[in-house]
Colleague: 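Got a structure for you, questions after.
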Amino acid sequence: MAGYRVRIWFDADGIGVGQPARDNGVLELPVIPQPGMELADDTGRVAMVRRVVLLASPDPEGAVAVVVCAPG
């Protein structure tokens with residue numbers, strides 16, 4: 001199955017609050033996530049997609065989008 005490589009950032013305390021988001025690396029997903037969708041972070045906690053930024057060209061690891069997630 002072909003998919004999209006997306007870079008996932010997780011902001012544990014919410015966007016614009018406290019500590020900055022941390023880079024969770026690149027995942028290959030069947031679709032590019034949209035705000036409101038849920039994803040599990042690297043520790044298994046469920047997070048809500050808050051922002052999606054499509055990149056003009058793939059990054060060095062092949063990601064075509066950056067997805068910022070925060071606790072649901």
Side-chain angles (χ1 to χ4, degrees):
M1 171 175 69
Y4 299 94
R5 293 179 60 84
V6 296
R7 179 166 299 281
I8 305 293
W9 284 78
F10 183 71
D11 197 344
D13 52 8
I15 294 176
V17 178
Q19 298 296 316
R22 72 178 192 281
D23 185 350
N24 278 9
V26 175
L27 294 176
E28 187 166 328
L29 300 172
V31 298
I32 295 176
Q34 298 298 308
M37 292 176 76
E38 293 180 341
L39 291 175
D41 73 357
D42 57 350
T43 63
R45 293 179 295 166
V46 174
M48 178 96 37
V49 173
R50 300 293 185 189
R51 293 190 181 142
V52 178
V53 179
L54 298 177
L55 303 175
S57 60
D59 76 359
E61 293 182 57
V64 296
V66 175
V67 177
V68 180
C69 301

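Position 1 is the first residue of the sequence, and the numbers go up from there. Values in this document were obtained by computation on a predicted structure and should not be read as measured data.
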Colleague: Can you pull out every salt bridge (Lys or Arg N to Asp or Glu O under 4.0 Å) where at least one residue sits in residues 62-72? Sequence neighbours excluded, please.
Modeller: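 For residues 62-72, and leaving out neighbouring residues, there are no salt bridge (Lys or Arg N to Asp or Glu O under 4.0 Å) pairs at all.
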Colleague: Scan for salt bridge (Lys or Arg N to Asp or Glu O under 4.0 Å) pairs involving residues 49-58, sequence neighbours excluded, and state none if there are none.
Modeller: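 Sorted result for residues 49-58: empty, none.
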Colleague: Kindly give the heavy-atom pair with the smallest separation between Ile8 and Asp23, and that separation in Å.
Modeller: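 That would be O-OD1, 3.6 Å.
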Colleague: Is Met37 linked to Leu54 within one hydrophobic cluster, defined over Ile, Leu, Val, Met, Phe, Trp and Tyr using a side-chain heavy-atom separation of less than 4.5 Å?
Modeller: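 Yes; tracing contacts between hydrophobic side chains, which count when under 4.5 Å, links both residues.
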Colleague: Identify every side-chain donor-acceptor pair in residues 62-72 under 3.5 Å, counting partners at least two apart or on other chains, and give the distances.
Modeller:
none

Colleague: Sort and list the pairs that fulfil salt bridge (Lys or Arg N to Asp or Glu O under 4.0 Å) and have at least one residue in residues 56-72, not counting sequence neighbours.
Modeller: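 For residues 56-72: Arg7-Asp59, Arg7-Glu61.
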Colleague: Is there a side-chain contact between Leu29 and Tyr4, using heavy atoms and a 4.5 Å cut-off?
Modeller: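 Contact flag for Leu29/Tyr4 side chains = no.
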Colleague: For residues 62-72, pull every pair meeting side-chain hydrogen bond (donor to acceptor under 3.5 Å, both in side chains), keeping only residues two or more places apart or in separate chains.
Modeller: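 Listed by first then second residue: nothing to list.
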Colleague: When rounded to the nearest 0.5 angstrom, what distance separates CE in Met48 from CD in Glu38?
Modeller: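 Atom-to-atom, Met48:CE and Glu38:CD are 4.5 Å apart.
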Colleague: Checking the side chain of Gln34 only, and the main-chain atoms of Ile32 only, is there a donor and an acceptor separated by less than 3.5 Å?
Modeller: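 Flag set: sc Gln34 to bb Ile32 pair under 3.5 Å.
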Colleague: State the CZ-CG distance between Phe10 and Leu39, to the nearest 0.5 angstrom.
Modeller: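 One gets 10.5 Å once the value is rounded to the nearest 0.5 Å.
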Colleague: Cluster question for you: counting only ILVMFWY and a side-chain heavy-atom cut-off of under 4.5 Å, with indirect links fine, are Val52 and Val26 together?
Modeller: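 They do not share one cluster, since no chain of ILVMFWY contacts under 4.5 Å joins Val52 to Val26.
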